[in-house]
Amino acid sequence: MLRKSIAGLPDYVSDSTPERIAKAAGLAKMTRLSFNENPVGTSPKVQKAIADWAFSQARSYPDPDAMPLRTAVAERLHLPADQLLFSSGLDEMIALICRTFLDIGDESLQPWPAYPEYQLQAAIAGAVTVNAPVDEATGRIDLQALLAGITAKTKVIWLCNPNNPTGTYLSVTEIAEFMAQVPPEILVVVDEAYIDFVDQVINPSVLPLITAFANLLVMRTFSKLFGLANFRVGFSIVPKALIPKMQNVRLPYNISGLSQTAALAAWEDVAFTQKVKRQLFAARQQWTTFFDHHHIRHYATQTNFMLYQVAQPLALGAFLKQHGYLVRDSMVPGWIRQSFGTPKQDAEVQGLLLDFLKTASPLVK
C-alpha cells in the first residue's frame, strides 16, 4: 500500500512537551534549550492583537493571500509582493519545495551537518540526499565541496545561513560567487531562519541577489526572532517564473487568520525585536567567553545557539535533563547543540556543565 519512498522511512517519534517530560522525570519544571526558541518570549502587541481578533471570523476561511502581512513584509524588505509565498512554518515550505521540484531519483545536495528536514522531505519525494561535509575546523559550509557534489541529477541545493546546527555564517559575496558557478537549472534554497541574529556584518541577507539569479529561493520564519513558533508562519521569496507552480502545490488556506494577525503584530513591533537581539547578543558573547575560558571547543556562531564538543555528549545530555534542561545531544556525533536561555538559565547550565566535566572524561580538544 505504501509508496516505496515512505515505506523505507524510520517511524516518526515526536518530541514530547517539556511539561510531560518534567512529569515523567519527577521534576517541577523542564526548560527546553533544544529547539532554538526565543527565551525573551513574544511581543505584548501580539497578545493584544490576538485579544482584538474578532471571534466571528473563526467560522470563515482565512485570507488565502495573507494580504496585510504580505504587504507589510514586502514594504520593509523592498520586495515584489507577488514573489512572496507564505507557509505554515518553514517545515511546510521545505516539503512544498521538495514536492514541487524533486522527482524520484533526483539528487538533493546539502552541507552536513544540516537541518534534518531537508533530507527527510527529499526522501519522501523519492530523491536521494548527497552530503558535502562542512569544514571540520571551522564548522563553516564548504562551498567548494558543494560545487564538487553537483551532478546531472542534482535538482536542489540547500544552504542554511547561518547554518543549523553549526551556527556559522557565509557572506553575501561568498554565496554570490557560489551562485555564479551553479547551473541555472538547479534551484538553490537559502534558509535564513537565523539571519536576524547575525551581527558581524550590517546587511547579512542574500535578498539583494534575487534579481541577479533566477534560481535563488530565500526562506524566512517568524519562529525565532519574533517568538511565534507556536503560530507556524514562514515565507519565501520565490523566483518569479517559479512561484505560480509552487502556488499550485501549496495547500489553500494554510495559515490561519489568527496566525496572520499574530505575525503582522510581531512584524510591526520593531522595539521588541531589538530587545530580543540585545539579549541574544549579550548571551552569545557571554557563552563564547565561557567556552574560551574553559577551553571547550565550539564553533563561532551567528545564531541563538551554540554547537560545542564534549567527550560524552549523551551522558551530558542525560545529566542536564536530570537537572531540568533539554539539549540536543545526538544531532551531531560528539557535539552538543544548545540554545541560549535567559541569563539565569544560562548561568545555571554553565554551572551544571562545569560540575559534569569535573567527574566526566576530559574534554575533547
Side-chain angles (χ1 to χ4, degrees), residues 14-18 21 30-43 87-94 110-111 113-120 134 139 141 158-169 190-199 204 219-235 263 266 272-273 275-288 291 298-309 313 316-317 320-321 324-332 335-343 345-346 349-350 353:
S14 64
D15 291 288
S16 187
T17 65
I21 295 173
M30 187 70 68
T31 299
R32 189 163 60 188
L33 300 179
S34 53
F35 276 28
N36 303 337
E37 293 160 319
N38 184 338
V40 182
T42 308
S43 164
S87 60
S88 179
L90 287 190
D91 289 334
E92 185 193 34
M93 186 67 70
I94 294 165
Q110 65 177 31
Y115 183 48
E117 199 70 22
Y118 308 149
Q119 183 165 344
L120 173 61
V134 301
I141 293 173
W158 304 89
L159 293 177
C160 188
N161 192 47
N163 188 39
N164 178 14
T166 61
T168 53
Y169 170 74
V190 179
D191 182 348
E192 292 191 337
Y194 300 95
I195 200 69
D196 296 299
F197 300 132
V198 176
D199 66 352
M219 302 196 300
R220 293 285 189 92
T221 183
F222 280 84
S223 296
K224 307 305 178 183
L225 174 68
F226 299 98
L228 291 181
N230 202 296
F231 285 87
R232 313 308 301 133
V233 183
F235 65 93
F272 181 81
T273 55
K275 174 185 175 182
V276 172
K277 288 183 181 181
R278 287 194 298 272
Q279 180 167 319
L280 178 278
F281 295 155
R284 189 161 66 198
Q285 182 57 57
Q286 200 277 332
W287 272 103
T288 299
F291 283 134
H298 61 94
Y299 288 138
T301 182
Q302 284 285 282
T303 61
N304 63 343
F305 61 85
M306 293 191 86
L307 189 71
Y308 60 94
Q309 190 176 29
L316 174 57
L320 291 174
K321 183 177 179 180
Y325 289 96
L326 298 173
V327 297
R328 292 288 187 191
D329 56 18
S330 58
M331 191 173 185
V332 182
W335 297 73
I336 294 281
R337 195 201 71 182
Q338 178 183 307
S339 314
F340 303 135
T342 64
Q345 291 165 352
D346 287 345
V349 172
Q350 288 172 6
L353 177 56

Exam field: side chain D346 to backbone G341, donor-acceptor pair closer than 3.5 Å:
yes

Heavy atoms of L90 and R220 approach each other most closely as CD2-O, 3.1 Å

Do K277 and D199 meet the salt-bridge criterion of a basic N to acidic O distance under 4.0 Å?
no

Side-chain (R337) to main-chain (T166) donor-acceptor, under 3.5 angstrom
no

Sequence neighbours excluded and cut-off under 3.5 Å, please list the side-chain donor-acceptor pairs for residues 324-332, or say none.
{"unit_1": "Y325", "atom_1": "OH", "unit_2": "E348", "atom_2": "OE1", "d": "3.2"}
{"unit_1": "R328", "atom_1": "NE", "unit_2": "S34", "atom_2": "O", "d": "3.1"}

Between F291 and W287, what is the ring plane arrangement, given parallel below 30°, perpendicular above 60°, and tilted in between?
tilted

Centres of the F231 and F222 rings: under 6.0 Å?
no

Less than 6.0 angstrom separating the ring centers of Y194 and Y169, yes or no?
no

Could you check L228 against V233 for side chain to side chain contact (heavy atoms under 4.5 Å, CB included), going step by step and ending with a plain yes or no?
CA-CA 8 Å; L228 291 181; V233 183; 5.7 Å; no

Please find the pair of heavy atoms, one from F226 and one from T221, that lie closest to each other, and give the distance.
CD1-O, 4.1 Å

When you look at D191 and M93, which way does the side chain to side chain contact (heavy atoms under 4.5 Å, CB included) test go after all the steps?
CA-CA 10 Å; D191 182 348; M93 186 67 70; over 6 Å; no

Determine yes or no for a side-chain-to-main-chain donor-acceptor pair under 3.5 angstrom, with S43 supplying the side chain and A266 the backbone.
no

Give the minimum heavy-atom separation between I195 and P204, together with the two atoms involved.
CD1-O, 3.6 Å

Is it true that a side-chain atom of N163 and a backbone atom of T168 form a donor plus acceptor pair closer than 3.5 Å?
no

Kindly give the heavy-atom pair with the smallest separation between Q279 and P39, and that separation in Å.
NE2-CG, 4.2 Å

Check: F197 main-chain N/O paired with R284 side-chain donor or acceptor under 3.5 Å
yes

